[in-house]
2 protein chains.
Amino acid sequence: MGHQHATGEELHTTVGRRLRAAQMRYSRSRHAVVEVLAADARPLTLPEILIQGVERGLAQSSAYRNLNELAEAGVVRRVTAGDDHTRFELHESLTGHHHHLECTGCGRLDDFEVSDEFEAGIEALVVSATQRGFVVDAHRFDLLGRCVACAQ
Amino acid sequence: MGHQHATGEELHTTVGRRLRAAQMRYSRSRHAVVEVLAADARPLTLPEILIQGVERGLAQSSAYRNLNELAEAGVVRRVTAGDDHTRFELHESLTGHHHHLECTGCGRLDDFEVSDEFEAGIEALVVSATQRGFVVDAHRFDLLGRCVACAQ
DNA sequence: CTTCCTGCAAAAGTTTTGCATTAAC
DNA sequence: GTTAATGCAAAACTTTTGCAGGAAG
């Protein structure tokens, strides 16, 4: 939903290609990680990934290792939020550029897309930062508040 | 620089008032934490705070405790970034609203102010999120890239 | 003086790593 | 068959907590 890759097959083909280009194998546990991440349009914590991954034979240490390796290969992106857990989502080159709604109650993040006008406005800020000698690669924009469940 | 409180005395008076209102004491170690945070216009990690704080008799466990308590009292704000360390800065009610430049090389964050037009553009997004049932309290906007030192 | 805060050391929680075994190609 | 990836258990780190002693008001 809202992903650039409509079918899972297409996604796995792309990921497989990208891993092979990095001399990495598309093993069963990496496949499981990608599958779990693709199932939700929001970043997941390691415990969340494990719940669904364990039944596909995914061990905790492999999950951590896979996520780091997949991030290095440009398949996964680390997402840092307000609580103790690092979160992970598929890379924007696979799902499209988006931002997040972060619930300060339960910690949950949901994907959130913004208007093109807003994205264009960011460009002016990039110029300003560049003038300070900062080389801009990306940006992060989140709205913080209460999700539907936590708003009571 | 860019802070609402020009003098340190004014800052400590405000902080002291805010703590007393919360039935908390402005102890020596809380004073040290505030002083260290006020000295830099960027969020600091706990190790960074300790380096300067130790010589003022600041213990690690007290630093963590103070930072959490000061955050609860609205004097300090937790800032989450890309690495393993939580960062802390003075609350925006003391320093003014701002955003951050985050270096993906060394992890450093620096304060960054944006135009009023950009801030106004965020309001439209808040409306959009509200329509999804999300109650917005705040926002976070960071530019990610390489700081002057890491850009080579 | 009474209550809150501190410091130490131990515990808790998340993430990483060493190494023998297994799976991918 | 080779080489890379896995799984287990142990280690490394960051952050929190219990409790006796000390400081703030």
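Keep in mind it's a predicted model, so treat the numbers as computed, not measured. Proteins come first, then strands; the chains are lettered A, B, ... in the order of their sequence lines, and each starts at number 1.
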In this structure, how many angstroms lie between the [atom2] atom of [N] and the [atom1] atom of [X], rounded?
X	N	atom1	atom2	answer
B:R56	C:dG7	CZ	P	14 Å
A:L70	D:dA5	CG	P	10 Å
A:L58	C:dA23	CG	P	15 Å
B:Q60	C:dC8	CD	P	11 Å
A:H31	D:dT6	NE2	P	13 Å
A:L19	D:dA4	CG	C1'	13 Å
A:E69	D:dA4	CD	C1'	10 Å
B:N68	D:dT15	CG	C1'	9 Å

Bending between helix ends of the helix from C:dC1-D:dG25 to C:dC25-D:dG1 [5 pairs per end, 10° resolution]: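 Roughly 40° between the end axes, to the nearest 10°.
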
Expected string for nucleotides 17-25 of chain D under the B/S/- scheme (protein heavy atoms, under 4.0 Å, primed atoms plus P, OP1, OP2 as sugar-phosphate) is BBB---BBS

Please determine whether residues A:L46 and A:V79 belong to a single hydrophobic cluster, defined as Ile, Leu, Val, Met, Phe, Trp and Tyr linked transitively by side-chain heavy-atom distances below 4.5 Å.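 No, no single cluster joins them.
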
B:H99 ring center within less than 6.0 Å of A:H139 ring center: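 No, too far apart.
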
Give a yes or no on whether the ring-centroid distance for A:F141 and A:F112 is below 6.0 angstrom.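 Not close enough - the centres of the two rings lie 6.0 Å or further apart.
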
Would you call [X] and [Y] a salt bridge, taking side-chain N to carboxylate O under 4.0 Å as the test?
X	Y	result
B:R42	B:E89	no
A:E102	B:R140	yes
A:E48	A:R87	no

Which of residues 75-89 of chain B have a heavy atom under 4.0 Å from DNA chain D?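 The answer is B:D84, B:H85, B:T86.
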
Between the side chain of A:T130 and the main-chain N/O of A:V126, is any donor-acceptor distance below 3.5 Å?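 Between the backbone of A:V126 and the side chain of A:T130 there is a qualifying donor-acceptor contact (under 3.5 Å).
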
Looking at B:T104 and B:G145, would you say the former's side chain and the latter's main chain have a donor-acceptor pair under 3.5 Å?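 A pair under 3.5 Å: yes.
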
Answer yes if the side chains of A:H97 and A:E113 hold a donor-acceptor pair under 3.5 Å, and no otherwise.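 On atom types as modelled, these side chains do not qualify, holding no pair under 3.5 Å.
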
Please classify the nucleic acid contact of B:Q23 as base, sugar-phosphate, or nothing, using heavy-atom distances under 4.0 Å.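 No contact.
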
Looking at C:dC5, C:dT15, D:dG7, which one has an atom nearest to any side-chain atom of A:A59?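 Closest of the options to the side chain of A:A59: D:dG7.
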
